[in-house]
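Let me begin by presenting the structure, written as structure tokens, before commenting on it.
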Amino acid sequence: MIYDSRGNKSVPLGSEVTSPVPVLFHYRTQKTLPSSSSLSSNPPNSHFSPTRRRQNRMGIEEGFKLVGYSNFVRVNPRSDRFAVKRFHHVEFWCTDATNTARRFSWGLGLPIVAKSDLSTGNAAHASYLLRSGDLCFLFTAPYSPSIAAMEEYSSSRSSVPSFDHDACRSFSAKHGLAVRAVAIEVEDAEAAFNASVAHGARPSTSPTLLLDNRAVLAEVELYGDVVLRYISHKPNPDDSDPGARFLPGFQAVEESSSFPLDYGIRRLDHAVGNVPELAPAVAYVKELTGFHEFAEFTAEDVGTSESGLNSVVLASNEENVLLPMNEPVFGTKRKSQIQTYLEHNEGAGVQHLALVSEDIFRTLREMRKRSGVGGFEFMPSPPPTYYKNLKSRAGDVLSDEQIKECEELGILVDRDDQGTLLQIFTKPVGDRPTIFIEIIQRVGCMMKDESGKEYQKGGCGGFGKGNFSELFKSIEEYEKTLEARALPGAASA
């Protein structure tokens with residue numbers, strides 16, 4: 001399919017669908033879009049220019065040229081248009097919040113801490129909040145609109161001010177299980193909303209007072225049907241109730257109704273979006289947020305002859321809110337993984353969420369125990385050749401025992417000039433080959449703030465650039481051995 005700049009489907013393509021494989025990096029290259037005829041034939045040796053065109057705020061086209069990994073110089077201009085604190089939560093829209101929340105709780109080790117449903121007086125929707133450390137996942141599904149409209153429920157209002165019955169049902173029918181909102185905590189949600197709209201953001205929900213005027217929620221469109229949600233809190237919230245500092249109408253869940261799970265996952269590192277056109281999407285988000293470009297790569301840095309993508313990471317001033325975006329490329333032997341996502345998701349959306357573990361070995365042991373009993377399955381591990389080379393690449397950071405454990409658990413390892421990244425990817429978490437989860441641990445890059453408190457620099461260890469090429473080279477070598485076995489006469493008598 002071909003999609004417009006909002007992520008809506010328009011014209012079908014003739015190229016075949018390939019099996020989706022989670023992308024192991026979030027960097028970008030640039031391409032010149034081919035003609036419609038070349039989109040269908042998908043020639044394997046098409047040339048992509050590292051320059052494309054985009055429009056500035058005045059509608060005038062300007063060059064958009066990449067310099068690649070070797071020449072890219074990371075600069076933080078501290079250009080945020082409003083004060084950003086951290087990721088606040090991620091909201092999924094689905095058709096069954098109860099079972100979806102319980103599956104994520106069991107599979108990721110995130111206890112259910114608060115709820116808003118019929119038992120709390122909410123006849124509009126069921127919502128369940130999962131929390132571990134600073135990571136919050138919210139799962140929401142609509143109740144019957146006719147029930148919600150009944151007179152006896154007329155005083156019942158949604159605990160999520162932006163919730164809409166028709167929009168939620170349409171969203172789930174169109175995208176399946178998917179992220180509706182990426183929420184960030186800001187100093188002043190109303191100021192963030194006004195600054196964003198003043199710089200071209202498409203408004204979704206105007207600033208709304210919550211929690212007896214102690215909090216504000218506002219939303220702007222991000223990409224596709226996903227919104228960027230702003231949350232701000234006033235001082236002295238009541239932290240005695242796990243739901244009290246979240247949104248109105250949420251009540252704490254009794255401990256007996258949720259297993260006391262904890263696999264070591266602590267926060268959201270980055271939320272990755274897939275879009276049909278990278279340049280306008282990046283320009284739009286940069287303009288409304290003021291976020292800066294965190295990394296840049298070209299096809300020569302990360303590409304293979306099989307398939308490809310372009311990508312860019314945007315970061316806040318403190319680089320603790322990271323919003324990578326990917327687009328498909330054409331002209332490779334296989335259809336881009338991003339194009340496959342766009343077709344199955346019916347447009348742009350969140351491709352995956354990278355969750356930080358304080359001990360990835362413990363997290364993976366717990367998660368793999370539950371893969372076949374209601375948890376999440378993982379992508380196939382790379383062949384042994386990948387781990388034979390690991391000691392030379394990361395032997396100064398990982399012990400021999402840790403390298404052995406990486407191989408046993410299927411953990412990938414990469415590093416940049418600042419630190420080391422350990423990562424692994426689940427298979428798609430729903431029926432469609434769309435959204436999946438990444439588990440990561442970053443090693444190194446420890447800093448101290450003005451008060452002397454230690455913290456880890458954002459994006460430490462990169463995003464897995466080395467893993468993309470290393471893993472796919474290993475897979476290609478392995479596939480060649482399978483092809484050889486299939487040849488007539490190759491098998492022994």
Side-chain angles (χ1 to χ4, degrees), residues 88-105 110 112-131 136-183 189 193 203-222 224-233 237-238 241-254 257-258 349-350 430:
H88 188 270
H89 69 273
V90 174
E91 183 178 18
F92 295 77
W93 273 2
C94 54
T95 57
D96 184 346
T98 298
N99 287 298
T100 306
R102 287 177 177 174
R103 186 201 176 193
F104 275 74
S105 175
L110 310 178
I112 302 174
V113 299
K115 65 180 180 178
S116 178
D117 57 13
L118 288 173
S119 69
T120 67
N122 181 359
H125 60 83
S127 289
Y128 301 99
L129 176 66
L130 281 57
R131 178 183 290 161
C136 290
F137 277 177
L138 180 66
F139 296 89
T140 296
Y143 285 128
S144 166
S146 59
I147 294 293
M150 288 183 178
E151 185 174 351
E152 58 264 39
Y153 291 113
S154 60
S155 60
S156 172
R157 63 176 183 173
S158 168
S159 58
V160 181
S162 57
F163 177 80
D164 179 86
H165 268 284
D166 292 337
C168 188
R169 291 196 305 272
S170 175
F171 181 96
S172 295
K174 181 178 180 182
H175 305 297
L177 174 62
V179 170
R180 165 59 176 177
V182 177
F193 176 85
S204 178
T205 300
S206 298
T208 305
L209 290 172
L210 309 170
L211 300 172
D212 297 326
N213 298 336
R214 289 186 285 109
V216 179
L217 177 149
E219 296 174 350
V220 297
E221 294 182 16
L222 187 57
D225 292 326
V226 182
V227 297
L228 183 62
R229 178 176 292 166
Y230 301 135
I231 299 282
S232 62
H233 292 275
D238 178 10
D241 184 337
R245 202 178 175 218
F246 188 67
L247 291 173
F250 279 81
Q251 296 181 11
V253 170
E254 296 180 5
S257 63
S258 179
V350 172

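Put simply, the side chain of Arg229 reaches to within 4.5 Å of the side chain of His89, judged on heavy atoms. Side-chain contact between Val216 and Leu209 is present, with heavy atoms from C-beta onward closer than 4.5 Å. The shortest side-chain heavy-atom distance between Leu130 and Ile112 falls under the 4.5 Å cut-off. Inter-residue side-chain proximity for Leu138 and Phe246 is flagged as met; some heavy-atom pair is nearer than 4.5 Å. Put simply, the side chain of Leu247 does not reach to within 4.5 Å of the side chain of Leu129, judged on heavy atoms. With contacts defined as side-chain heavy-atom distances shorter than 4.5 Å, the pair Leu177/Thr100 qualifies. Residues Phe137 and Ser105 are not in side-chain contact: their nearest non-hydrogen atoms beyond the backbone lie 4.5 Å or more apart.
For Tyr143, there are no ring-ring contact (aromatic ring centres under 6.0 Å, His included) partners, not counting sequence neighbours. Shown here are the side chain to side chain contact (heavy atoms under 4.5 Å, CB included) partners of Ser206, two or more places apart in sequence or in another chain: Phe193.
Note that NZ of Lys115 is 12.5 Å distant from OG of Ser159, once rounded to the nearest 0.5 Å. Note that the CH2 atom of Trp93 and the NZ atom of Lys174 stand 12.0 Å from one another [nearest 0.5 Å].
Using modelled atom types, no side-chain atom of Arg180 and backbone atom of Cys94 make a donor-acceptor pair closer than 3.5 Å.
Using a 30° and 60° split on the angle between ring planes, Phe104 and Phe92 fall in the tilted class, from 30° to 60°.
Aromatic pair Tyr128/Phe139: centroids not less than 6.0 angstrom apart.
Counting only N and O atoms by type, the side chains of Asn122 and Thr120 include no donor and acceptor under 3.5 Å apart.
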